[in-house]
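Computed from heavy atoms alone, side chains included, the values below leave out hydrogens, waters and symmetry copies. All residue numbers refer to positions in the sequence shown, counting from 1.
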Amino acid sequence: MSASSLLQLADKDHTTIEQQEAKDAFFAGIAFGVPFTAGGGYMLWGLRRRHQKLLRDRLDSTFYQMLKADNGRITVLQLAMETQLSGEQAKQYLDQKAKEFNATFEASDRGNISYLFHL
């Protein structure tokens with residue numbers, strides 16, 4: 001066997017070893033990366049749920065306090081100002097609560113709509 005043949009054979013073995021090492025590194029990355037990514041995603045999902053629950057609890061608490069203070073009468077603007085929700089969000093929230101608690105509506109002489117929750 002000539003020297004060049006030995007060099008080519010050594011290069012083939014070296015290339016095969018590098019390819020195997022690259023495959024091993026790839027699969028190790030997958031094996032460790034996927035569970036860590038899934039775990040991180042689950043943690044973020046849990047934090048988001050906790051944040052939404054705290055926001056909903058704060059909103060409900062403010063809503064009930066406002067109802068007590070004004071004998072069950074509330075407007076979208078009052079809720080939006082007190083909770084810093086947008087007008088659309090406040091309206092959606094009040095519409096949902098109106099359905100839940102069978103509220104009625106009253107229009108003022110200025111055209112404002114009040115939600116009337118019967119306490």
Side-chain angles (χ1 to χ4, degrees):
M1 212 177 238
S2 69
S4 65
S5 297
L6 286 175
L7 286 175
Q8 286 177 347
L9 185 59
D11 284 344
K12 272 188 182 177
D13 289 341
H14 188 42
T15 303
T16 304
I17 291 171
E18 286 176 352
Q19 288 175 344
Q20 185 61 41
E21 287 175 352
K23 285 180 187 177
D24 291 346
F26 173 76
F27 288 117
I30 295 292
F32 288 111
V34 169
F36 283 124
T37 302
Y42 181 74
M43 285 174 50
L44 287 174
W45 177 72
L47 287 172
R48 179 179 165 95
R49 285 189 56 208
R50 184 181 311 149
H51 175 72
Q52 288 175 338
K53 182 181 179 345
L54 288 172
L55 183 63
R56 187 175 53 246
D57 289 348
R58 181 185 62 86
L59 186 58
D60 286 345
S61 175
T62 302
F63 170 71
Y64 294 130
Q65 288 173 357
M66 291 176 73
L67 288 181
K68 279 184 180 179
D70 205 5
N71 294 322
R73 181 184 307 270
I74 191 170
T75 67
V76 172
L77 181 58
Q78 288 171 328
L79 184 67
M81 286 174 28
E82 191 68 30
T83 60
Q84 273 110 45
L85 289 174
S86 71
E88 183 61 32
Q89 290 172 320
K91 183 176 180 347
Q92 286 176 356
Y93 180 83
L94 286 176
D95 287 344
Q96 175 190 357
K97 290 297 184 183
K99 287 178 187 175
E100 184 178 339
F101 294 117
N102 229 7
T104 57
F105 305 93
E106 182 180 89
S108 73
D109 52 349
R110 292 182 175 174
N112 296 328
I113 303 293
S114 292
Y115 290 73
L116 300 175
F117 293 87
H118 306 286
L119 301 178

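If you chain together hydrophobic residues whose side chains sit under 4.5 Å apart, Met66 and Leu116 never meet in one group. No chain of hydrophobic side-chain contacts below 4.5 Å, direct or via other Ile, Leu, Val, Met, Phe, Trp or Tyr residues, connects Leu54 to Leu59. Tyr64 and Leu55 are not part of a single hydrophobic cluster, where members link through side-chain heavy atoms under 4.5 Å apart.
Across every non-hydrogen atom of Ala80 and Ser86, the tightest pair is CB-O, 4.3 Å.
In His51, the NE2 atom is not crowded: 12 or fewer heavy atoms of neighbouring residues, nucleotides or ligands sit closer than 6.0 Å. Within a 6.0 Å radius of CG in Asn102, other residues, nucleotides and ligands contribute 12 heavy atoms or fewer.
The aromatic rings of Tyr93 and Phe63 sit perpendicular, their planes meeting at an angle over 60°, well past the 30° parallel limit.
Here the options are Thr75, Val76, Leu67, the test is side chain to side chain contact (heavy atoms under 4.5 Å, CB included), and the partner is Tyr115; only Val76 passes.
Atom-to-atom distance recorded for Leu85:CG and Thr62:OG1 is 9.0 Å, nearest 0.5 angstrom. Separation of atoms CZ (Arg73) and CG (Leu119) is listed at 11.0 Å; rounding is to 0.5 Å. Residue Phe117 holds its CZ atom at 5.5 Å from CG of Leu94, rounded to the nearest 0.5 Å.
Salt bridge status for Asp57 with Lys53: present, with a side-chain N to carboxylate O gap under 4.0 Å.
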* To do: May I have the step-by-step check of salt bridge (Lys or Arg N to Asp or Glu O under 4.0 Å) for Lys91 and Glu88, ending in yes or no?
  => CA-CA 5 Å; Lys91 183 176 180 347; Glu88 183 61 32; over 6 Å; no

* Evaluate the side-chain contact (heavy atoms from CB on, under 4.5 Å) criterion for residues Asn112 and Leu77: first the C-alpha distance (whole Å), next the side-chain angles of each, then the deciding distance (0.1 Å), finally the verdict. => CA-CA 9 Å; Asn112 296 328; Leu77 181 58; over 6 Å; no

* To do: Dump the intermediate steps for side-chain contact (heavy atoms from CB on, under 4.5 Å) on Leu44 and Arg48, then the final yes or no.
  => CA-CA 6 Å; Leu44 287 174; Arg48 179 179 165 95; over 6 Å; no

* Working for side-chain contact (heavy atoms from CB on, under 4.5 Å), residues Thr83 and Gln89 -> CA-CA 10 Å; Thr83 60; Gln89 290 172 320; over 6 Å; no

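Between Glu82 and Gln65, the closest side-chain pair of non-hydrogen atoms is not below 4.5 Å.
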